[in-house]
Amino acid sequence: MPYVNIKVTQEGGPNGTGPSTEEKKQLVEGVTDLLATVLGKSPATTCVVIDEVPLENWGLEGRQVSTIRAEQA
């Protein structure tokens with residue numbers, strides 16, 4: 001039973017604009033289809049979870065993404 005965990009940053013804070021419902025639907029369908037096509041895995045047993053991570057909880061190059069985004073603004 002495949003389990004896929006997709007993690008993305010939660011842009012704009014708690015009420016920010018992360019992936020839309022439609023984009024999440026496309027991700028779930030796309031990953032499920034890919035596992036079926038490439039590995040022959042059954043969509044019925046494929047689990048896909050999408051986690052939105054607050055910017056201050058995500059680090060890149062030793063810095064919080066919230067800091068990086070603030071500097072880019």
Side-chain angles (χ1 to χ4, degrees):
M1 170 169 45
Y3 170 85
V4 178
N5 186 208
I6 300 171
K7 293 187 181 279
V8 296
T9 56
Q10 183 182 37
E11 301 294 328
N15 299 315
T17 56
S20 68
T21 299
E22 178 59 29
E23 290 169 329
K24 290 176 186 179
K25 178 179 179 279
Q26 290 177 32
L27 285 170
V28 170
E29 290 174 353
V31 168
T32 301
D33 290 345
L34 183 64
L35 287 169
T37 300
V38 175
L39 299 178
K41 298 299 182 179
S42 170
T45 60
T46 298
C47 179
V48 180
V49 176
I50 300 171
D51 290 327
E52 293 183 65
V53 180
L55 294 180
E56 62 271 9
N57 292 350
W58 195 297
L60 180 65
E61 298 177 348
R63 302 182 312 153
Q64 290 175 301
V65 173
S66 56
T67 301
I68 295 169
R69 294 285 196 273
E71 291 172 355
Q72 293 172 342

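Residues I6 and V38 share a single hydrophobic cluster, defined by chaining ILVMFWY side chains whose heavy atoms lie under 4.5 Å apart. Residues L35 and I50 fall within the same hydrophobic cluster, defined by Ile, Leu, Val, Met, Phe, Trp and Tyr side chains chained together at heavy-atom separations under 4.5 Å. Following chains of ILVMFWY side-chain contacts shorter than 4.5 Å, one cannot reach V53 starting from V4, and the two form parts of different hydrophobic clusters.
Heavy-atom minimum distance, E56 versus Q64: O-NE2, 2.8 Å. Scanning all heavy atoms of the two residues, the minimum distance from V49 to Y3 falls at CG2-CE1, 3.7 Å.
Counting only residues at least two apart or in different chains, salt bridge (Lys or Arg N to Asp or Glu O under 4.0 Å) contacts with residues 63-73 comprise E11-R69, R63-E71. Residue pairs meeting the side-chain hydrogen bond (donor to acceptor under 3.5 Å, both in side chains) criterion with at least one partner in residues 28-50, sequence neighbours excluded, are K25-E29.
For the atom pair T9 OG1 and I68 CD1, the distance stands at 10.5 Å (nearest 0.5 Å). Here Q72 contributes atom CD and T67 contributes atom OG1; the two are 11.0 Å apart, rounded to the nearest 0.5 Å.
In this structure, the side chains of L39 and P2 stay at 4.5 Å or more apart for every pair of heavy atoms. Put simply, the side chain of V48 does not reach to within 4.5 Å of the side chain of L27, judged on heavy atoms.
Through side-chain heavy atoms spaced under 4.5 Å, either directly or across other Ile, Leu, Val, Met, Phe, Trp or Tyr residues, M1 is tied to no other residue.
Sparse packing is recorded around CD of E61, with 12 or fewer heavy atoms of other residues, nucleotides or ligands lying under 6.0 Å away.
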